[in-house]
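Here the structure is laid out as C-alpha cells; the discussion comes afterwards.
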Amino acid sequence: MALAMRVVDAAQALVGCTLEHDGAVGVIVETEAYHETEPACHAFVGSTGRSRVLFEAPGRLYVYRSYGIHALANVVVEPAGIGAAVLVRALEPLEGLEAMAARRGRTRPVDLCSGPGKLTQALGIELIHNDTSVRDGPVRLGPPPRGWERPRIVAGERIGITKAVELPWRFCAADSVHVSRPWPAAMRGAAVA
DNA sequence: CATGGGATTGACT
DNA sequence: GTCAATCCCATGC
C-alpha cells in the first residue's frame with residue numbers, strides 16, 4: 001500500500017488547521033486517514049447510502065453516527081470517485097470555550113474536544129451537517145491560526161477499529177495534552193514531520 | 001423486514 | 001480494569 005496516498009498526507013497536513021462551527025473554534029491536534037482500499041474505511045464496501053459522500057469531490061464533510069450516540073466528523077479527500085477521508089479525532093479548544101462547555105456539560109478545557117465524539121458535541125456538529133462544504137460552511141476548516149507554530153507530528157496505529165489495525169495512519173501533535181489518548185512515553189520520539 | 005455490529009464515552013467495580 | 005447506552009445502516013433471509 002503506497003504510503004504517499006493523498007489522504008495520508010492530508011491527515012498530517014490537517015494537524016494544526018482549525019475547525020469552526022457555531023461560535024466555537026479549535027485547532028486540530030489528532031487525525032486518522034481512511035481509504036477505500038483498506039477494510040476499516042466505510043468506503044471499502046463501495047458507494048452505499050452511508051458512504052456515498054466519501055466518493056464526492058474533496059472538501060465535503062462526512063458525518064456519521066457511531067455507537068448510536070456520537071457524531072463523528074471527517075473531511076473528504078482524494079478526487080471524486082475515490083472514497084477516502086480524514087477523521088478529526090481531537091482539537092485544542094481555541095475560541096468559544098464557554099459554548100463548548102455548555103454543549104459538553106464539562107468545564108475543563110481538556111475535557112471539551114479530546115476525542116472524536118467530544119469535539120463534534122463541543123462544536124455542535126450533527127448528522128445534518130453531513131455532505132456540507134468545509135469551505136463554505138456552516139462547519140468550516142481554516143488554516144493554522146496566525147502565530148501558531150506547526151507542531152511536530154507523531155504517527156501510530158488507528159484507534160478503536162478491528163480491521164487493518166496495523167496501518168500507522170493516526171497522526172497527533174506531539175506532546176499535546178488534548179489528544180484522545182496519549183501515547184506511551186516510549187513512543188513519543190517517533191516524529192514523522 | 002429482522003438482525004448485528006460499531007472510527008465512543010462516561011460511569012462504575 | 002469492565003460495561004452499558006443507543007441508532008443508523010449494511011447485510012441476509
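Chain identifiers are assigned alphabetically (A, B, ...) following the order of the sequence lines, protein sequences preceding nucleic acid strands; residue numbering begins at 1 within each chain.
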Q: Identify, residue by residue, the members of residues 96-107 of chain A with a heavy atom below 4.0 Å from DNA chain C, and return them in order of residue number, or none.
A: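 Residues of residues 96-107 of chain A that come under 4.0 Å of DNA chain C do not exist, since none gets that close.
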
Quick one: salt bridge (Lys or Arg N to Asp or Glu O under 4.0 Å) pairs with a partner in [range], sequence neighbours left out?
{"range": "residues 91-105 of chain A", "answer": "A:D22-A:R103"}
{"range": "residues 109-122 of chain A", "answer": "A:R108-A:D111"}
{"range": "residues 57-67 of chain A", "answer": "A:E56-A:R60, A:R60-A:D131, A:R65-A:E126"}

(Q) I need the full list of ring pair (Phe, Tyr, Trp, His ring centres under 6.0 Å) pairs touching residues 88-127 of chain A, with sequence neighbours left out, sorted by first then second residue. (A)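 Residue pairs with at least one partner in residues 88-127 of chain A: there are none.
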
Q | Pairs satisfying ring pair (Phe, Tyr, Trp, His ring centres under 6.0 Å), at least one member in residues 101-124 of chain A, at least two apart | A |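 Residue pairs passing ring pair (Phe, Tyr, Trp, His ring centres under 6.0 Å), neighbours aside: none found.
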
Q) In the 5'-to-3' direction, what one-character label does each nucleotide of nucleotides 2-13 of chain C receive under the scheme B = base within less than 4.0 Å of a protein heavy atom, S = sugar-phosphate only, - = no such atom? A) ---BBBSSSS--

Q. Any Lys/Arg nitrogen of A:R6 or A:E78 sitting under 4.0 Å from an Asp/Glu carboxylate oxygen of the other?
A.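 Salt bridge: yes.
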
Q. Between A:E30 and A:R170, is there a side-chain N and carboxylate O pair less than 4.0 Å apart?
A.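 Looking at A:E30 and A:R170, the cut-off is met.
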
Q) Taking only Watson-Crick and G-U wobble pairs with both distances under 3.5 Å, what dot-bracket line describes DNA chain B, where [ ] shows pairs that cross earlier ones and | shows pairs with another strand? A) ||||||.|||||.

Q) Cluster partners of A:V53, using ILVMFWY side-chain heavy atoms under 4.5 angstrom, listed by chain and number? A)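 The other cluster members (ILVMFWY side chains, heavy atoms under 4.5 Å, direct or chained) are A:Y34, A:L54, A:F55, A:Y62, A:Y64, A:L72, A:V76, A:L87, A:I161, A:V165.
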
Just how far, in rounded Å, is [atom2] of [N] from [atom1] of [X]?
{"X": "A:Y64", "N": "B:dG5", "atom1": "OH", "atom2": "P", "result": "17 Å"}
{"X": "A:E38", "N": "B:dA7", "atom1": "CD", "atom2": "P", "result": "11 Å"}
{"X": "A:D111", "N": "B:dT9", "atom1": "CG", "atom2": "P", "result": "11 Å"}
{"X": "A:N74", "N": "B:dT8", "atom1": "CG", "atom2": "P", "result": "11 Å"}
{"X": "A:R181", "N": "B:dT9", "atom1": "CZ", "atom2": "C1'", "result": "13 Å"}

Q. Salt bridge (charged side-chain N to carboxylate O under 4.0 Å, His left out) with A:R50: which residues, sequence neighbours excluded?
A.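 If we apply the salt bridge (charged side-chain N to carboxylate O under 4.0 Å, His left out) test to A:R50, skipping adjacent residues, there are no hits.
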
Q.
Under the rule for side chain to side chain contact (heavy atoms under 4.5 Å, CB included), what residues qualify as partners of A:L97, not counting sequence neighbours?
A.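 Counting only residues at least two positions away or on another chain, A:L97 forms a side chain to side chain contact (heavy atoms under 4.5 Å, CB included) with A:P93, A:P109, A:L112.
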
(Q) Under 4.0 Å from OP1 or OP2 of B:dG10: is there any side-chain N or O of A:K118 that close? (A)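 Yes, because at least one side-chain N or O of A:K118 sits under 4.0 Å from OP1 or OP2 of B:dG10.
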
Q. Mind checking what makes side chain to side chain donor-acceptor pair (under 3.5 Å) contact with A:T132, not counting sequence neighbours?
A.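 If we apply the side chain to side chain donor-acceptor pair (under 3.5 Å) test to A:T132, skipping adjacent residues, there are no hits.
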
